[in-house]
Structure formats: structure tokens, C-alpha cells
Amino acid sequence: MNVTIKYFASIREAIGHSSESRETSALNLADLRDELLAASPAHAASLARGRAVRMAVNQVMTGEAALLTDGCEIAFFPPVTGG
């Protein structure tokens, strides 16, 4: 399936681009995150399992168990605070 991945804030800066279209066999966000960890050193550092990373599918905040569908939009971003 093909998905669109968007990266925000420090994750975008580390990876070097704000979005990408990706062909994946991942069934859920956990599987996709594993694929991305292997994609490049920048992906591995910014999306590492020990890091706090927020995720959304089709603009709805969710966890790693969220299922993916063809054409969905995934977002990865660091935690943010207001002020």
C-alpha cells in the first residue's frame, strides 16, 4: 500500500524533509515505525523507540497499534507544550 508520511518540528529537521510518499507492507504504525528506523540513520535517531514521538493517522492522534490503509496520511511529531 502507499501512504503519505509527514514529519514535523525537530523530526522534520533531523530527517531533512517534511513529507514523503512511501510504499509499505506495514499493517500498523508499529510496523511502519520499524521500517522507518531501518530507512536511514536520521530516521533511526529521530524515531527511536526510546524517544517520545507522537503519531497520527488521518489527522487523528493514535498509538502504534493503529491500522494503516492504502492512501492514509501518517504524521510523526515530538511532544509539544503550550505557553
Side-chain angles (χ1 to χ4, degrees):
M1 84 179 81
N2 194 294
V3 298
T4 299
I5 304 170
K6 294 189 174 186
Y7 305 104
F8 292 93
S10 60
I11 296 173
R12 177 190 64 230
E13 292 170 14
I15 291 174
H17 53 272
S18 61
S19 67
E20 65 179 295
S21 180
R22 185 177 198 83
E23 190 67 31
T24 182
S25 59
L27 298 177
N28 57 38
L29 277 175
D31 295 342
L32 179 62
R33 192 172 181 180
D34 288 341
E35 282 184 16
L36 293 172
L37 290 172
S40 76
H43 283 85
S46 61
L47 298 174
R49 291 284 177 198
R51 296 189 61 122
V53 175
R54 302 293 182 252
M55 295 167 279
V57 175
N58 294 328
Q59 300 181 2
V60 176
M61 295 286 294
T62 191
E64 288 192 332
L67 298 177
L68 305 181
T69 57
D70 190 43
C72 68
E73 177 187 275
I74 294 107
F76 290 100
F77 47 96
V80 294
T81 60

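Counting begins at 1 with the first residue of the sequence. FYI, side chains are in, hydrogens and waters are out, and symmetry mates aren't considered; it's all heavy atoms of this structure. These numbers were taken from a predicted model, which means no experiment stands behind them.
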Rounded distance [0.5 Å steps], CZ in Arg49 versus CG in Leu37: 6.0 Å
Point-to-point distance, once rounded to the nearest 0.5 Å, from CE of Met55 to CZ of Phe76: 6.5 Å
Close side-chain approach of Thr24 and Glu35, heavy atoms under 4.5 Å: yes
Check: Leu47 main-chain N/O paired with Arg33 side-chain donor or acceptor under 3.5 Å: yes
Donor-acceptor contact below 3.5 Å, side chain Asn2 vs main chain Gly71: no
Arg51 atom CZ, over 12 foreign heavy atoms within 6.0 Å: no
Greater than 12 external heavy atoms within 6.0 Å of Glu23's CD: yes
Closest heavy-atom pair and its distance - Leu32, Ala26: N-CB, 3.4 Å
Stepwise side-chain contact (heavy atoms from CB on, under 4.5 Å) check, Arg22 with Leu36: CA-CA 10 Å; Arg22 185 177 198 83; Leu36 293 172; 3.7 Å; yes
Of Asn58, Leu29, Asp31, the residue whose pairing with Leu68 passes side-chain contact (heavy atoms from CB on, under 4.5 Å): Leu29
Tabulate below the donor-acceptor pairs under 3.5 Å that side-chain atoms of residues 5-17 make, not counting sequence neighbours, or state none.
{"from": "Lys6", "atom 1": "NZ", "to": "Glu73", "atom 2": "OE1", "distance (Å)": "3.3"}
{"from": "Tyr7", "atom 1": "OH", "to": "Glu20", "atom 2": "OE2", "distance (Å)": "2.5"}
{"from": "Tyr7", "atom 1": "OH", "to": "His43", "atom 2": "NE2", "distance (Å)": "3.3"}

Verdict with reasoning, Val3 to Met1, per side-chain contact (heavy atoms from CB on, under 4.5 Å): CA-CA 7 Å; Val3 298; Met1 84 179 81; 4.1 Å; yes
side-chain contact (heavy atoms from CB on, under 4.5 Å) between Cys72 and Asp70, intermediate numbers included: CA-CA 6 Å; Cys72 68; Asp70 190 43; over 6 Å; no
